[in-house]
Amino acid sequence: MSPFDLSGRVAAVTGANTGIGQGIALALAQAGADVALIGRTPAEETAAHIRALGRRAEIVPADLSTIAPVTGVVDAVVEGLGKLDILVNNAGIIRRADAVDFTEEDWDAVIDTNLKSVFFLCQAAGRHMLARGSGRIINIASMLTFQGGIRVPSYTASKSGVGGLTKLLANEWAARGVNVNAIAPGYIATNNTAALQADEARDRAIRERIPAGDWGRPEDLGGAAVFLASDAARYVHGHILAVDGGWLAR
Ligand code: NAP
């Protein structure tokens, strides 16, 4: 059997109705996993694709702007699909404004969704996985886990925090059968980057700086997610895997 095979595993992906989350959910299903789709917009299209692949898909409604739904979400996945082997913390938002004008509302909204809910979802899933002695958590980081960015102070803080949390959880859980890693996407064409893509000057500057020469696509993240979720990554812990067309190498 391929070490990348995910047959019989249950994955949960947050924010899987569109963009990177959709790309990752489909890749996990293609590798054999059943997938719970957690989010505030029902991921009907993603679920239909997964079922067409012969895998089970379960839509779990949750608004992750607060941690209120977190415990219930993990319970719902276990109830619906029997267990939880793989959690992908993908849901995230971004707010753009000059640092000098940045509001508390834009700070709190991004930190609450991108960092606080991510930690408490890791905790809720981690409790289930640690009790079973196995599990995989994959957090979605960013280039701004490594770099400063511009006009996105709460996003940079949240994604830098996601990198730190990923390493902390790996330190605590690696010996207990739970692998915690992250994927740092480069510049991927999704709703999240629509404003940058629409800005001709920024779009050109970004393309020119990417060694691969173009924006990535949501499906480009699938291979990294399957790898980190699979037996092939048994000894990989606390790693932040860049899938960035070479951006960080520049
Ligand atoms: P996207 O197309 O805007 O998708 C974001 C996803 O998160 C959507 O499914 C969205 O649901 C969900 N979400 C947002 N707030 C939520 C909430 N309160 N509760 C539940 N779900 C919520 O953006 P994307 O580019 O695919 O982003 C996915 C992840 O990758 C994010 O963490 C983002 O920061 C990260 N990332 C993206 C890039 C990039 O270049 N695109 C680069 C690095 C990292 P709705 O559709 O209901 O809003």
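Numbers here simply count residues along the sequence, with the first being 1.
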L64 and I86: same hydrophobic cluster, using ILVMFWY side-chain contacts below 4.5 Å? no
Closest non-hydrogen atoms of A170 and H237, given as atom of the first, atom of the second and distance, are CB-C, 4.1 Å
CZ of R136 to CG of L84: how many Å apart, nearest 0.5 Å? 13.0 Å
Minimum-distance pair of heavy atoms, taken over all atoms of I93 and A109: CD1-O, 3.5 Å
Linking I/L/V/M/F/W/Y whenever any side-chain heavy atoms sit under 4.5 Å apart, do V180 and L241 land together? no
Would you name the heavy atoms of A229 and L6 that are closest together and state the gap between them? O-CD2, 3.6 Å
So, T145 side chain and K159 main chain: donor-acceptor pair closer than 3.5 Å or not? yes
Taking only Lys NZ, Arg NE, NH1 and NH2, and the carboxylate oxygens of Asp or Glu, determine whether R217 and D220 approach each other closer than 4.0 Å. yes
Closest non-hydrogen atom pair, P153 against A97: CD-O, 3.9 Å
Between S134 and V178 the two heavy atoms that sit nearest each other are C-CG2, 4.2 Å
Heavy-atom neighbours of E79 CD exceed 12 at 6.0 Å: no
Any sub-3.5 Å donor-acceptor pair from S117's side-chain atoms to D112's backbone N or O? yes
Expected output: side-chain T193 to main-chain L196 donor-acceptor under 3.5 Å: no
CZ (R132) with more than 12 external heavy atoms under 6.0 Å: yes
Student check: side-chain heavy atoms of V74 and L121 closer than 4.5 Å: yes
Has the side chain of S7 got a donor or acceptor atom that lies under 3.5 Å from a matching backbone atom of G32? no
What is the distance from atom CG of N17 to atom CD of E44, rounded to the nearest 0.5 Å? 10.0 Å
Backbone of V100 reached by a side-chain donor or acceptor of D98 within 3.5 Å: no
Above 12 or not: heavy atoms from other molecules or residues under 6.0 Å from CZ of R207? yes
I'd like to know whether D5 forms a side chain to side chain contact (heavy atoms under 4.5 Å, CB included) with S230, so could you lay out the CA-CA distance, the side-chain angles of the two residues, the decisive distance to 0.1 Å, and finally the verdict. CA-CA 7 Å; D5 186 54; S230 75; over 6 Å; no
Counting distance only, does the side-chain N/O of S160 pair as donor-acceptor with the main-chain N or O of L144 below 3.5 Å? yes
Parallel, tilted or perpendicular: which fits the ring planes of W107 and F102, with parallel below 30° and perpendicular above 60°? perpendicular
Report all side-chain donor-acceptor pairs from residues 21-28 shorter than 3.5 Å, counting only partners two or more places apart or in another chain.
{"unit_1": "Q22", "atom_1": "NE2", "unit_2": "E45", "atom_2": "OE1", "d": "2.8"}
{"unit_1": "Q22", "atom_1": "NE2", "unit_2": "T46", "atom_2": "OG1", "d": "3.1"}

If you count the non-hydrogen atoms of other residues, nucleotides and ligands that lie under 6.0 Å from CD in E200, is the total more than 12? no
Counting only heavy atoms not in K167, do more than 12 fall under 6.0 Å of its NZ? no
May I ask you to decide if A141's main-chain N or O and N139's side chain share a donor-acceptor pair within less than 3.5 Å? no
Is a donor on one side and an acceptor on the other found under 3.5 Å between the side chain of S158 and the backbone of V110? no
Residue of the set D244, N90, I140, T190 for which side chain to side chain contact (heavy atoms under 4.5 Å, CB included) holds with P185: I140
Answer with yes or no whether the hydrophobic clustering places L165 together with L130; edges join I, L, V, M, F, W, Y residues whose side-chain heavy atoms lie under 4.5 Å apart. yes
Could you tell me whether L248 atom CG has more than 12 heavy atoms of other residues or ligands within 6.0 Å of it? yes
Roughly how far, to the nearest 0.5 Å, is OG1 of T14 from CG of L87? 7.0 Å
Close side-chain approach of I183 and I138, heavy atoms under 4.5 Å: yes
With a 4.0 Å cut-off, would you call R9 and D85 a salt bridge? no
Check the angle between the aromatic planes of W215 and Y187 and answer parallel, tilted or perpendicular using the 30° and 60° thresholds. perpendicular
Closest non-hydrogen atom pair, A76 against V60: CB-CG1, 4.0 Å
Less than 4.5 Å apart, side chain to side chain, heavy atoms only: is that true for R55 and V35? no
Verify the cluster assignment for V78 and V10: are they in a single hydrophobic cluster under the rule of side-chain heavy atoms below 4.5 Å apart? yes
Exam field: side chain N181 to backbone V236, donor-acceptor pair closer than 3.5 Å: yes
How long is the span from the CZ atom in F120 to the OG1 atom in T71, to the nearest 0.5 Å? 9.5 Å
Decide side chain to side chain contact (heavy atoms under 4.5 Å, CB included) for L169 and F119; before the verdict, give the C-alpha distance in whole Å, the side-chain angles of both, and the deciding distance to 0.1 Å. CA-CA 9 Å; L169 293 172; F119 171 70; 4.3 Å; yes
Taking a hydrophobic cluster as the set of Ile, Leu, Val, Met, Phe, Trp and Tyr residues connected by side-chain heavy atoms closer than 4.5 Å, whether directly or through intermediates, do V13 and I59 fall within one such cluster? yes
Measuring only between side-chain heavy atoms, which start at C-beta, is P69 closer than 4.5 Å to D63? no
Calculate, to the nearest 0.5 Å, the distance between atoms OG1 and CD belonging to T156 and Q147 respectively. 9.5 Å
Which value, rounded to the nearest 0.5 Å, describes the distance between Y155 atom OH and T113 atom OG1? 12.0 Å
Side chain to side chain contact (heavy atoms under 4.5 Å, CB included) evaluation trace for R176 with M129: CA-CA 9 Å; R176 300 174 66 190; M129 292 171 178; over 6 Å; no
